[in-house]
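For reference, the structure I am asking about is given below.
So you know, we letter chains A, B, ... as the sequences are listed, proteins then strands, and number each from 1. Because only heavy atoms are used, hydrogens play no part in the values below, and waters and symmetry mates are left out as well, while side chains stay in.
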Amino acid sequence: MTKTIAKYNDFGDCTPQTAKIVDIRSLTDNTKLFELQFTDSQLNERFTYKPGQFVLLSVFGVGEVPISIASSPHKKGLFQLGIRMVGNVTTKIHQLKKGDLVGIRGPYGNGFPVEENKGKDLLFVAGGIGYLPLRSAFREAVAKKADFGKIFILYGDRCPTDVLFAEEKDEYKQQKEIIFHQTVDRDDDRCWDGNIGVVTTLFPFIKDEIDPANTVAMICGPPIMYKFVVMELEKLKIKPENIYLSLERKMQCGVGKCCHCGIGDKFVCLDGPVFSLEEIQGLLEAL
Amino acid sequence: MYSKIILQKDLPKLVDELVNDHIVVAPTKAKNVPTFSEVRSSEEVEFSILFNEKLPMIPLKKIFLPSQQTVFKYSLSEGVTESCEELAARVAEKKILVFGASPCDITGVNVLNRIFHEYYTDALFSQIRDRTVIIGMNCLDHCYENCFCETMHSNDPKSGYDIMLTPISKTKLIAVPNSDKGKALLRTHGEIFQEVTTKDHQAYLKALEQKRLNFKSEFPVEGLASEIEDNFESSVWEEFTKKCLFCGSCTFVCPTCYCFSTKDNLSIDLKTGERIRDWDSCYYPEFALVAGGHNFREHQSQRFRYRYLHKFVDIPRRYNLEGCVGCGRCITYCPANIDVRDVLKMIRGVSN
Ligand code: SF4
Ligand code: SF4
Ligand code: FES
């Protein structure tokens, strides 16, 4: 399958657009959800994106990092970025306040193929902060439930305090089309009453319900997670062309110039970040 | 006939005319290092470099992708204050003229030009490139022992320059235009040039024939990409990794290495600043290191190998271009005596 890269806007390549932080919500100790709006109001109308696409966020004076868009594309006029404190830029943005300015380039990348897989069962496997981009993808499917089969969500975190949007769990559990399972790697404080273990320990719960011929899987999580999740999906006999992985790499330019995100002849920023397993199986250094 | 003849002794005169309405960039020997830099008169030009004494250490890419460049400016209270496009327009206000680019360097710029226009146009690169006239100086033989341009098909670029100067005798060169800009330039400076006689033309053809005979390919590049891929796990990478100092010199002097990183420089007022982009090197450990600590090329051997994969596998596949022009600079300037040709030969040796 040859993929054409869709260019989603004409916002310019090197210079960010100025955006204002309009709201900040704390999700966990180290993760906040920032709601942003461009200062040029026309841009807010034109800013459209797909779940799984990312922006390059500039914190002026510190630098720029790629961040997946966490909000649902249907929300017009503003968008959200869920940001965990891991490096200089993400630590600095945690110190910013409502009304402060940041820079935004993008959206870049291809996003998750949700629309493209109508009629299928969808299996989402998320690890850690990877839950945010996947959440925007599965919420799109949940919003149009009738168009899809079953929606499986497997979500793993390191520890209970890292769990994102814990309150939404009940909402998912009430809907029979949604099969939601959650786990944490460790529970040192003994405050978790669910499954304990890495995300692959959730597969036994769903394995009998999976129809491999009609299931499309989408994965997003820390780099070490992929190999193990792919092994589980292969055990379930889901075909490589139906397994989509959102890959993380260092990014500087976001537009196929700086080479930091290269995997073989692909650029994660341009050709990804979402790749089918089929596409990357032959790529050296991909997983 | 559009082509013209210029006497070698008149080249300085030409440069002195060109500096009037161009920023002229030519080979110089500032601080004793052969390099390309802006010249204000012919006296600063090192003409011996032009006649193939040596390639300038830093290739022509530095004109279009400077080692450090401002991408945009901002203030903390207003956000972006000057965009990349605005800066680019300012940088390229005056016409730039490159005098004496070697064919392999022109090919190198062509590679970058393609990459910086593919899909997203890089405003900084493209504005500078569009405003630049390139006068090439043809090579009729390998310029030194590290040159393997014939192998990499880089010594006869079909485009990417406006005039090519080819020596046809000890005293004469033929100036062959390759664009409208080139033709216009020959017209504007018509007094310095002479018409091409039948004898000159024959001498030119002879020079080209000599060029064809002089250049020799050292190894076939056909099949190189898949052979390297097949030897992805070869112990040869490890052997060279042990020798390599990971200084990055080979990447900085390379005409087709273009990786960069960005960083923010905040002014001392702490209120305004600029985003800078700097040349980077895939040989440095931070190159594939993400916030959070995961390094996608953690081992030195992965970093050593990547440069070869990128040049000889990935660029050819993605852009249908050679990712190396065979200029030999990485060989000349490697403190550990690593020769790209040896690496390739040894990697291929394993598969034979
Ligand atoms: S890899 Fe070496 S020989 Fe090839 S273009 Fe770069 S510097 Fe020149
Ligand atoms: S110049 Fe030589 S020693 Fe330095 S990084 Fe390149 S190959 Fe290694
Ligand atoms: S981030 Fe620069 S090439 Fe992808």
Problem set entry | Heavy-atom closest contact (B/G79 atom, A/L101 atom, distance) |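 Smallest heavy-atom distance, with atoms named: N-CD1, 3.5 Å.
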
Exercise. Of all the residues in residues 81-90 of chain A, which have a heavy atom that comes within less than 4.5 Å of a heavy atom in chain B?
Worked result: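 Answer by number: A/V86, A/G87.
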
Problem set entry | Electrostatic pair A/K250-B/D280, nearest N-O below 4.0 angstrom | no

Exercise. Would one find more than 12 heavy atoms of other residues, nucleotides or ligands at under 6.0 Å from atom CG of B/D130?
Worked result: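 For B/D130, atom CG is crowded (more than 12 foreign heavy atoms under 6.0 Å).
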
Problem set entry | For chain B, which residues of residues 54-71 of chain A have heavy atoms nearer than 4.5 angstrom | A/S58, A/V59, A/F60, A/G61, A/V62, A/G63, A/E64

Problem set entry | Atom pair OH/OG1 of B/Y74 and A/T18 - distance to nearest 0.5 Å | 12.0 Å

Exercise. Rounded to the nearest 0.5 Å, what separation is found between the CG atom of A/L284 and the CG atom of B/D314?
Worked result: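 It is 8.5 Å, given to the nearest 0.5 Å.
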
Problem set entry | Minimal non-hydrogen separation, A/G256 against B/Y319, with atom names |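 That would be O-OH, 4.1 Å.
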
For this session: Flag the pair B/Y119 / A/F267 as yes when their ring centroid distance falls below 6.0 Å, and as no otherwise.
Result: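 No, ring centres 6.0 Å or more apart.
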
Problem set entry | Most chain A-contacting option - heavy-atom pairs closer than 4.5 Å, from B/S75, B/S261, B/C259 |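 Option with the greatest count: B/S261.
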
For this session: Return the option, out of A/P16, A/C258, A/C259, with the maximum number of heavy-atom pairs under 4.5 Å with chain B.
Result: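 It is A/C258.
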
Seminar exercise, completed: Between A/G262 and B/Y306 the two heavy atoms that sit nearest each other are CA-OH, 4.3 Å

For this session: Measure the spacing between CD of B/E229 and CG of A/L283 and express it to the nearest 0.5 Å.
Result: 8.5 Å

Exercise. What distance separates B/R297 CZ from A/R249 CZ, expressed to the nearest 0.5 Å?
Worked result: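 Rounded to the nearest 0.5 Å, the CZ-CZ separation comes to 7.5 Å.
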
For this session: Could you pull out the closest heavy-atom pair between A/H260 and B/F287, with the gap in Å?
Result: ND1-O, 2.8 Å

Problem set entry | Residue pair A/K257 / B/Y120, side-chain heavy-atom distance below 4.5 Å |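 Yes; the side chains approach each other to less than 4.5 Å.
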
Problem set entry | Atom pair CG/CD of A/L270 and B/E118 - distance to nearest 0.5 Å |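 Answer for the CG-CD pair, A/L270 versus B/E118, is 8.0 Å.
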
